[in-house]
2 protein chains.
Amino acid sequence: MPIVKKTYKDQVVDYVYQLLLTNELGPGDQLKESLLAEQMGISRAPIREAMKELIMNGLVDYRPQVGNFIPVLSPKQIVDSYTTRGVLEGYAVMETCDQFSAEEVDKLENLTEQMENYADKKNHKMVIEAGGEFHDLLISKNNNVQLLEYTDRLSLKLHILFFKYLGKLYGPSEVGRRHREIVESVKSKDLGLIEKVIRQHYVETGSKIAIL
Amino acid sequence: MPIVKKTYKDQVVDYVYQLLLTNELGPGDQLKESLLAEQMGISRAPIREAMKELIMNGLVDYRPQVGNFIPVLSPKQIVDSYTTRGVLEGYAVMETCDQFSAEEVDKLENLTEQMENYADKKNHKMVIEAGGEFHDLLISKNNNVQLLEYTDRLSLKLHILFFKYLGKLYGPSEVGRRHREIVESVKSKDLGLIEKVIRQHYVETGSKIAIL
DNA sequence: TCGATGTCTAATGTCGACATTAGACATCGA
DNA sequence: TCGATGTCTAATGTCGACATTAGACATCGA
């Protein structure tokens, strides 16, 4: 079993991400290098390097010589990010819709049912997990590395919002409906419909979160 | 006239980018922190921070504890990046096609003629400049900040390739045709056509560069 | 001759210290 | 009272030094 090598920078990125997911850090909060360094028992050098990465992923707002802050996203920024995510995933799935086997389509339907069931039980964590699996499978046929990279990058950011607001967004049957729509469009192999449905799937979520 | 503040990190990013554009740095080359630091007369700290940014923009390949290298892009990676760029721009333009004034459409046509003329004179630098202006105007109506950010990021990478190969890609009349197609699609206000034409515009370039 | 092991070093990862700057707050004068 | 100016400091930007590691190359034994 090989040792997993991880620089301090990578561990800092993960740590800060967890703080964001668990709401220990939120919009407007400042990330002070010295404080984080002290908390983690390391020097500021890897902290600063981690900051650069979080900045590039839109998870931190950097004000030169002032400080690093957790972004306060405007409703428009939220919608913009979700919209962009939808454009990327819509295209990715549209391009590969003829590559899904019957088993895989079944799997998508199954995950949709799981999401609805978990939502019914108000198990948001599992809704998100099944949802992640759903979208991962959906996009898995596309191997455009650039598109997948940008999709993943955006997911980091949007996952925080989604994690925070899921309970307030959709009822159980809505959760089911929204994902069944996607599965139906994939089954239809109607390229225009696939992109339209997936884009709308994201715009809908972005718009809802934007008004919370 | 305000002083333009620029950290060493930003200057390093710019410097390395220039080396890439002018082919003083190319695929497979290693970027050694100490060497760059020495060349620029600064410490390694801002060099390392610049590296992180270049890595996030796909301009540097980072191998932990081994070194930083200029990526050798496979044909597939080239096509993937161009394709992704086309998906983003296609959507951006499709969404705003009804916001172009007659003057702006004229401007696009004018820039197309300029590109053709410069290509005729083999003035690649000016072809690129007019082309940049063309695509900037095209996308200028869309104010989706996330989408524009990703488009800009991708442009950094693709600009290097384009700059390097432009002379080998298209004859003057092809340069004109390709851009006129875009303008005609915008004038048609046929949403599906706009996305299709712009996507193809990028896929065509990516595919051509990929076989060079 | 070839695979295993050892050695060395160039390059990166991280450290603690120092320099610089933005912004908060105090002071002063009109 | 309010705008201009001054002061101070917390936070970032950068420095040079030291620790660690991957990989190149040498050596050795089967």
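Below, chain A is the first sequence line, B the second, and so on; all start at residue 1. Predicted model only: the values in this text are computed from it and were never measured.
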Review point. Looking at A/Leu191 and A/Met94, what are the two nearest heavy atoms and their distance?
Key: O-CG, 3.5 Å
Review point. Which heavy atom of B/Lys52 sits nearest a heavy atom of A/Glu49, and at what distance?
Key: CE-OE1, 3.1 Å
Exercise for review: Specify the residue among A/Leu35 and B/Pro64 whose closest nucleotide of DNA chain D lies further upstream toward the 5′ end.
Suggested key: A/Leu35
Check your understanding: For DNA chain D, whose closest nucleotide is more 5', that of B/Gly41 or that of B/Val66?
Key -> B/Gly41
Check your understanding: When the nearest nucleotide of DNA chain C is assigned to B/Glu33 and to A/Arg63 on a heavy-atom basis, which residue is associated with the more 5' position?
Key -> B/Glu33
Which part of the nucleic acid does [X] contact within heavy-atom distance under 4.0 Å: base, sugar-phosphate only, or nothing?
X       : result
A/Thr7  : sugar-phosphate
A/Lys5  : sugar-phosphate
A/Leu31 : sugar-phosphate

Review point. Does the pair A/Gln11 and A/Tyr15 meet the rule for a side chain to side chain donor-acceptor pair (under 3.5 Å), with working shown?
Key: CA-CA 6 Å; A/Gln11 294 179 58; A/Tyr15 176 66; over 6 Å; no
Revision key, fill the gap. Listing for DNA chain D: consecutive Watson-Crick or G-U pair runs of at least 3, distance cutoff 3.5 Å, ranges ordered by first number, gives C:1-30 with D:1-30
Point to revise | Side chain to side chain, B/Lys76 and A/Asn143, heavy atoms closer than 4.5 Å | key: yes
Practice item. Decide yes or no for B/Thr84 and A/Leu88: does some side-chain heavy atom of the first lie under 4.5 Å from some side-chain heavy atom of the second? Key: yes
Check your understanding: Which parts of residues 42-56 of chain A get close to DNA chain D, meaning a heavy atom less than 4.0 angstrom away?
Key -> A/Arg44, A/Arg48
Check your understanding: Between A/His135 and A/His201, how do the two ring planes meet: parallel, tilted or perpendicular, split at 30° and 60°?
Key -> tilted
**Study point:** Cationic tip of A/Lys125 above A/Tyr118 ring, under 6.0 Å, 45° of axis
**Key:** no
Point to revise | Under 3.5 Å donor-acceptor, B/Tyr170 side chain and B/Thr205 backbone | key: yes
Study note, to complete from the structure: Bounded by its outermost nucleotides with an atom under 4.0 Å from a heavy atom of chain A, the footprint on DNA chain C reads C/dT14 to C/dG23
Point to revise | A/Lys157 and B/Gln146: side chain donor to acceptor below 3.5 Å | key: yes
Check your understanding: Can a donor-acceptor pair be found between the side chains of B/Asn110 and B/Gln114 at a distance below 3.5 Å?
Key -> yes
Check your understanding: Would you say A/Lys141 has more than 12 foreign heavy atoms packed within less than 6.0 Å of its NZ?
Key -> yes
